**Student:** 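Input: one structure, supplied below.
Residue numbers count from 1 along this sequence. It should be emphasised that the depicted structure is a prediction, and the values quoted were computed from it without experimental measurement.
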Amino acid sequence: MNTVLSRANSLFAFSLSVMAALTFGCFITTAFKDRRVPVDLHVSKVMLKNVDDFTGPRERSDLGFVTFDVFADLQPVFDWNVKQLFLYLSAEYSTKSNALNQVVLWDKIVRRGENTKLNLKDMKSKYFFFDDGNGLRANKNITLTLSWNVVPNAGILPLVAGSGHISLPFPDTYETTKSY
């Protein structure tokens with residue numbers, strides 16, 4: 001005869017197995033969904049300064065400032081298995097010293113139930129756009145891309161790039177004004 005503890009253990013193990021199967025079923029129903037949506041990016045202002053770099057031995061580095069607009073409807077990304085989206089705008093470019101540079105300029109978390117239509121105008125970089133040298137000046141191919149991580153209730157965290165990006169040139173000269 002089985003004891004009460006043995007029966008409770010069997011019931012608990014069976015319940016965990018059923019919950020694991022249900023969680024896997026939840027994951028598999030949305031695992032192969034395409035989570036890309038069109039993104040419209042515009043840049044209204046680009047400014048470049050040459051500032052002291054306090055991380056190195058008395059060197060100066062490029063500091064870029066970008067003012068941008070973002071328009072996107074993220075509603076098709078959300079379904080019953082999406083808890084939130086972690087959006088971020090990144091800049092990719094190459095320099096003589098590095099074949100690929102990636103810098104996150106701005107981010108935002110959009111939770112389920114919040115407004116999923118992005119209509120952001122004249123946004124400034126949330127984070128500094130530093131280059132580890134002078135690779136931003138006269139760089140003609142800096143690409144801005146809006147990407148997002150989908151945070152699901154169950155399953156993997158996919159990294160999705162929006163279907164719109166913009167390439168922009170940086171100026172040949174440095175700004176000398178104090179304001180941005």
**Student:** Taking R36 for its side chain and S163 for its backbone only, find out whether a donor-acceptor pair lies under 3.5 Å.
**Tutor:**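 Looks like no, no N/O pair under 3.5 Å.
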
**Student:** Looking at side-chain heavy atoms only, is the closest gap between L74 and L85 below 4.5 Å?
**Tutor:**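 L74 vs L85: side chains touch.
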
**Student:** One thing to verify: whether D73 and K117 come together as a salt bridge, which I'm taking to mean a side-chain N less than 4.0 angstrom from a carboxylate O.
**Tutor:**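 Looking at K117 and D73, the cut-off is met.
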
**Student:** Within a strict 4.5 Å, meaning less than it, do heavy atoms of the L89 and F68 side chains meet?
**Tutor:**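 Yes, at least one pair of side-chain atoms sits under 4.5 Å.
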
**Student:** What pair of heavy atoms forms the shortest contact from D132 to S97, and how long is it?
**Tutor:**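 Scanning both residues, the minimum pair turns out to be OD1-OG, 4.5 Å.
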
**Student:** Can you find a pair of side-chain heavy atoms, one from L120 and one from D69, that are under 4.5 Å apart?
**Tutor:**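 Side-chain contact under 4.5 Å: no.
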
**Student:** Of the non-hydrogen atoms in T95 and G135, which two are nearest, and what is the gap between them?
**Tutor:**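 Reported closest heavy-atom pair: CG2-CA, 3.6 Å.
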
**Student:** Do the non-hydrogen side-chain atoms of L118 and L87 ever get within less than 4.5 Å of each other?
**Tutor:**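 Yes, their side chains come closer than 4.5 Å.
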
**Student:** Can you give me the closest heavy-atom contact between V82 and N153, atom names plus distance?
**Tutor:**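 Heavy atoms only, the tightest pair is N-ND2, 4.2 Å.
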
**Student:** Looking only at heavy atoms, what is the nearest atom pair of P169 and V46, with distance?
**Tutor:**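 Nearest pair, atom of P169 first, then V46: O-CG1, 4.4 Å.
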
**Student:** Can you name the closest pair of heavy atoms from L146 and W148 and give their distance?
**Tutor:**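 So the minimum-distance heavy-atom pair works out to O-CZ3, 4.0 Å.
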
**Student:** CG of L16: more than 12 outside heavy atoms within 6.0 angstrom?
**Tutor:**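 More than 12 within 6.0 Å, yes.
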
**Student:** Answer yes or no: is there a side-chain heavy-atom contact under 4.5 Å between K108 and W106?
**Tutor:**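 In contact.
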
**Student:** Short question: side chain of N2, backbone of R7 - any donor-acceptor pair under 3.5 Å?
**Tutor:**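 Here the side-chain-to-backbone pair does not exist.
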
**Student:** Decide whether Y88 and V103 are clustered together by the hydrophobic rule: side chain heavy atoms of Ile, Leu, Val, Met, Phe, Trp, Tyr closer than 4.5 Å, transitively.
**Tutor:**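 No; V103 is not reachable from Y88 via cluster members.
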
**Student:** Mark yes or no for whether S125, through its side chain, and F128, through its backbone, hold a donor-acceptor pair below 3.5 Å.
**Tutor:**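 No; judged by distance alone, with no hydrogens or angles, the pair does not exist.
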
**Student:** Are the side chains of F130 and L136 in contact, using a 4.5 Å heavy-atom criterion?
**Tutor:**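 They are not in side-chain contact.
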
**Student:** Side chain to side chain contact (heavy atoms under 4.5 Å, CB included) between F65 and K45: does it pass, once the steps are laid out?
**Tutor:** CA-CA 8 Å; F65 297 95; K45 184 178 179 183; over 6 Å; no

**Student:** I'd like to know if the side chain of R112 reaches the main chain of Q84, judged simply by a donor and an acceptor atom lying under 3.5 Å from each other, with no hydrogens or angles considered.
**Tutor:**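 No, because the side chain of R112 does not come within donor-acceptor range (under 3.5 Å) of the backbone of Q84.
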
**Student:** Please step through ring pair (Phe, Tyr, Trp, His ring centres under 6.0 Å) for the pair F129 and F170, ending with a clear verdict.
**Tutor:** CA-CA 12 Å; F129 188 2; F170 259 61; 5.6 Å; yes

**Student:** Are the side chains of W80 and C26 in touch, meaning some heavy atoms are under 4.5 Å apart?
**Tutor:**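 Of all side-chain heavy-atom pairs linking C26 with W80, at least one is under 4.5 Å.
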
**Student:** Quick one: closest heavy-atom pair of A154 and T23, and the distance?
**Tutor:**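 Result for this residue pair: CB-CG2, 3.6 Å.
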
**Student:** Is a side-chain N or O of D62 found less than 3.5 angstrom from the main chain of R137, in a donor-acceptor match?
**Tutor:**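 Here the side-chain-to-backbone pair exists.
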
**Student:** Under a 4.0 Å threshold between the charged nitrogen and the carboxylate oxygen, would K33 count as salt-bridged to D79?
**Tutor:**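 A salt bridge links D79 with K33.
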
**Student:** Between the side chains of D52 and R60, is the shortest nitrogen-to-carboxylate-oxygen separation below 4.0 Å, so that they form an ion pair?
**Tutor:**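 D52 and R60: salt-bridged.
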
**Student:** Quick one: do the D131 and N101 side chains pair a donor with an acceptor below 3.5 Å?
**Tutor:**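 Result is no, nothing qualifies.
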
**Student:** Kindly indicate whether the side chain of H42, heavy atoms from C-beta on, has any atom under 4.5 Å from the side chain of T67.
**Tutor:**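 No. Closest side-chain heavy atoms not under 4.5 Å.
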
**Student:** Do you see a donor-acceptor pair shorter than 3.5 Å between the side chains of T143 and E92?
**Tutor:**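 Distance-only check fails for T143 and E92.
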
**Student:** Checking V150 against L157 for the side chain to side chain contact (heavy atoms under 4.5 Å, CB included) test, could you report, in this order, the C-alpha distance in whole Å, the side-chain angles of both residues, the deciding distance, and whether it holds?
**Tutor:** CA-CA 6 Å; V150 178; L157 280 103; over 6 Å; no

**Student:** Side-chain donor-acceptor pair under 3.5 Å between N98 and Y93, yes or no?
**Tutor:**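 No pair is found: no donor N or O on one side chain lies under 3.5 Å from an acceptor on the other.
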
